[in-house]
Amino acid sequence: EELRYTWINNPAGSYNRQAVIGRTDSDLLDRAEEAQMLAEIKRAVIRSGVGTRREVLLHVGGKPHWYDLTVEPIRGPGPGLGITCAAV
């Protein structure tokens, strides 16, 4: 699972659709450990099929930002799950 962004609504800060679509958290975040943490959260939702909500600290553009992160599974017509994420 590559966990690449396929859609974004209302991007914040310096982000725009072209800078995000097709990329991963590792491509977008300053710190590898934070990208890994997000990937683990997302993979846990994919494995379990159960959504989660957490407060996370991420560094973007050299600055710390706290986010209220919600990750929910998406069930499509085929096998497997996708996810949708919201960060406020």
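Please read these numbers as outputs of a predicted model, since none were measured by experiment. Only this structure's heavy atoms are used, side chains among them; waters, hydrogens and symmetry mates stay out.
- Taking both residues in full, the closest heavy atoms of Asn10 and Arg17 are given as N-NH2, 3.9 Å, listed atom of the first, atom of the second, then distance.
- Put simply, CG on Asp25 and CZ on Arg31 are 15.5 Å apart, with the number rounded to the nearest 0.5 Å.
- Two different hydrophobic clusters hold Val20 and Ile74 under the rule that ILVMFWY side chains link at heavy-atom gaps under 4.5 Å.
- Expressed to the nearest 0.5 Å, how far CD of Glu40 lies from CZ of Arg47 amounts to 8.5 Å.
- When all heavy atoms of Lys42 and Cys85 are compared, the pair lying nearest together is CE-SG, 3.7 Å.
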Check against side-chain contact (heavy atoms from CB on, under 4.5 Å), Met37 and Leu58: CA-CA 10 Å; Met37 172 197 57; Leu58 304 174; 3.8 Å; yes
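- Put simply, NE2 on His65 and CG on Leu29 are 10.0 Å apart, with the number rounded to the nearest 0.5 Å.
- Ile8 is connected to Val56 through a chain of hydrophobic side-chain contacts under 4.5 Å among Ile, Leu, Val, Met, Phe, Trp and Tyr, so both are in one cluster.
- The side-chain contact (heavy atoms from CB on, under 4.5 Å) test with Leu3 is passed by exactly one of Leu38, Thr24, Ile46: Ile46.
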Going through the distances and angles, do Asp27 and Arg4 end up as a side-chain contact (heavy atoms from CB on, under 4.5 Å)? CA-CA 10 Å; Asp27 298 327; Arg4 292 188 182 277; 4.0 Å; yes
Between Leu81 and Arg75, is the side-chain contact (heavy atoms from CB on, under 4.5 Å) condition met? List the steps. CA-CA 5 Å; Leu81 289 176; Arg75 290 168 175 77; 3.2 Å; yes
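- Of all heavy-atom pairs spanning Gly62 and Asp30, the tightest one is N-OD2, 2.5 Å.
- Residue Pro73 comes nearest to Gly49 through the heavy atom pair CG-O, 3.2 Å, listed as atom of the first residue, atom of the second, then distance.
- No path of Ile, Leu, Val, Met, Phe, Trp and Tyr side chains, each step under 4.5 Å between heavy atoms, connects Leu57 with Val60, placing them in separate hydrophobic clusters.
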